[in-house]
Amino acid sequence: FTFFPGTPRWPDHRQDLTYGFADQLTDEVKAVFARAFERWSAVTPLTFTPTDSYFLADIKIGFFTGDHGDGEPFDGVLGTLAHAFSPTNGRLHLDGAEDWVVAGDVRTSPLPSAVDLESVAVHEIGHLLGLGHSSDENAIMYPTISSRTRKVELGSDDVEGIQYLYGSNPNYNGSTSTTSTHERETSGGV
Amino acid sequence: RFFPNITGLPPLPFSKNGTLAPWDAFTKFAGCRSGEKRDGLAKLKQYFNEFGYIQNAPSNFSDDFDDELEKALRVYQQNFNLNVTGELDDQTLQKIVLPRCGNADIVNGTTSMNSGKSASFHTTKHFHTTEH
């Protein structure tokens with residue numbers, strides 16, 4: 001696991017975080033993000049609560065295309081899928097041009113460019129919380145993911161990294177994930 | 001575009017503008033190595049610049065496979081647990097064209113992925129010089 005330079009983290013007095021969406025999204029899409037946040041809160045003392053107030057939210061989530069004003073333009077289908085900022089910026093941006101799959105088994109998708117939304121959301125939340133990219137291919141924080149791939153469970157590398165920053169959830173029993181439980185990539189991707 | 005369930009997806013064949021991904025064109029550089037010049041290598045350098053492997057980007061990258069590109073490749077290969085060849089071998093290209101997070105792997109010239117664990121990104125060359 002790695003951290004951003006300077007090891008930024010959410011301070012102790014800001015560990016109950018809110019998140020909001022820039023777009024009008026369906027409950028099904030919002031549920032994907034709720035599950036993604038839950039994976040990180042299960043292993044840390046952090047909590048995440050949805051709010052209707054995008055501008056007041058600690059974490060601001062939006063789908064954008066092309067140049068969207070932060071100096072990191074998106075590039076259309078595949079390529080760059082999303083990006084997120086280090087603590088305590090809170091911005092999580094996803095490429096609105098992607099073919100996001102929010103339910104069902106993305107691995108059986110007939111669409112070569114299908115991308116599993118929850119997999120990408122879990123990764124980007126890791127950045128929001130202070131994790132950088134990992135060389136461990138089993139880690140959520142590994143930088144690449146093939147299309148038609150689902151990878152949503154935190155690896156031991158992710159858990160060690162995030163618990164270094166925030167400590168452990170008192171209810172965490174150490175069995176959230178192991179390498180063998182990962183849903184591994186089954187597609188050659190592009 | 002959101003697909004609430006798999007059955008809602010369009011059937012194959014499906015493509016947009018005839019291509020799947022913006023980096024697919026890099027596969028044409030297979031086998032390219034230091035000293036060669038290939039049309040479009042500048043875009044690969046832009047890729048490495050975007051993800052932190054080439055620092056201090058010039059206003060225009062050349063299409064030359066120069067020392068800077070080889071150095072970037074070596075660090076990339078180390079970070080992604082690939083054979084460190086410094087060449088655009090198939091294994092490396094297959095990794096490069098994959099969809100990925102837009103966050104850089106190397107921020108402000110430092111990395112703590114694999115390549116940052118043995119020696120720092122910037123001091124590798126100096127380390128070898130000192131040893132000799």
Side-chain angles (χ1 to χ4, degrees), chain A residues 1-6 25-26 28-29 63 72-86 93 95-115 117 120 123-124 127 132-137 141-147 149 188-190, chain B residues 1-27 43 46-47 50-53 75-82 92-118 121:
Chain A
F1 56 88
T2 72
F3 305 120
F4 290 96
L25 301 174
T26 65
E28 198 167 23
V29 174
F63 290 83
E72 304 290 341
F74 285 127
D75 53 7
V77 177
L78 300 180
T80 298
L81 304 174
H83 55 233
F85 293 72
S86 60
H93 297 167
D95 189 346
E98 306 298 345
D99 295 316
W100 295 109
V101 170
V102 298
D105 188 350
V106 71
R107 295 171 294 185
T108 61
S109 165
L111 186 60
S113 54
V115 179
L117 178 60
V120 175
H123 175 99
E124 299 303 331
H127 287 315
H133 284 150
S134 170
S135 290
D136 181 350
E137 197 162 0
M141 297 313 295
Y142 192 71
T144 65
I145 184 168
S146 296
S147 57
T149 299
V190 292
Chain B
R1 303 200 313 164
F2 296 107
F3 295 100
N5 68 62
I6 295 302
T7 57
L9 296 178
L12 286 173
F14 182 91
S15 68
K16 291 176 180 172
N17 303 322
T19 60
L20 268 182
W23 303 321
D24 276 0
F26 293 156
T27 56
K43 289 189 177 177
Q46 288 169 0
Y47 173 99
E50 181 178 348
F51 297 114
Y53 291 89
V75 176
Y76 181 90
Q77 289 166 333
Q78 198 172 348
N79 277 349
F80 285 83
N81 301 305
L82 302 165
T92 303
L93 283 167
Q94 284 172 18
K95 186 67 71 174
I96 286 173
V97 301
L98 285 178
R100 58 162 290 156
C101 172
N103 286 38
D105 300 332
I106 300 172
V107 181
N108 296 333
T110 59
T111 177
S112 41
M113 291 177 72
N114 272 351
S115 62
K117 291 186 175 148
S118 54
F121 177 43

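These values consider heavy atoms only, across backbone and side chains, with no hydrogens, waters or symmetry-generated copies. Letters go in sequence order (proteins before strands), and every chain restarts at 1.
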Taking all atoms of both residues into account, what is the closest heavy-atom pair of [X] and [Y], and its distance?
X	Y	value
A:Ser134	B:Met113	O-CE, 3.7 Å
B:Ala21	A:Gly79	CB-N, 4.4 Å
B:Pro22	A:Val77	CD-O, 3.2 Å

Is it the backbone or the side chain of B:Asn81 that comes under 4.5 Å from a heavy atom of chain A, or both, or neither? side chain
Side chains of [X] and [Y] in contact at under 4.5 Å (non-hydrogen atoms):
X	Y	result
B:Asn103	A:Glu124	yes
B:Pro99	A:Glu98	no
A:His133	B:Asn79	no

Which atoms of A:Tyr142 are under 4.5 Å from chain B, going by heavy atoms: the side chain, the backbone, both sets, or neither?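 Contact with chain B is through the side chain of A:Tyr142 alone.
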Give, as side chain, backbone, both or neither, the part of A:Pro143 having an atom under 4.5 angstrom from any heavy atom of chain B.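 Both parts, backbone and side chain.
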From B:Arg100 CZ over to A:Leu81 CG, what is the distance, rounded to the nearest 0.5 angstrom?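 Spacing of CZ (B:Arg100) from CG (A:Leu81) equals 10.0 Å.
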For B:Tyr47, all residues meeting ring pair (Phe, Tyr, Trp, His ring centres under 6.0 Å), sequence neighbours excluded: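 Counting only residues at least two positions away or on another chain, B:Tyr47 forms a ring pair (Phe, Tyr, Trp, His ring centres under 6.0 Å) with B:Trp23, B:Phe26, B:Phe51.
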Enclosure of B:Lys43 NZ (heavy-atom neighbours >12, cutoff 6.0 Å):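 Open: at most 12 neighbouring heavy atoms sit under 6.0 Å from NZ of B:Lys43.
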Looking only at A:Val115, A:Leu25, A:Thr144, most heavy-atom pairs under 4.5 Å shared with chain B are made by A:Thr144
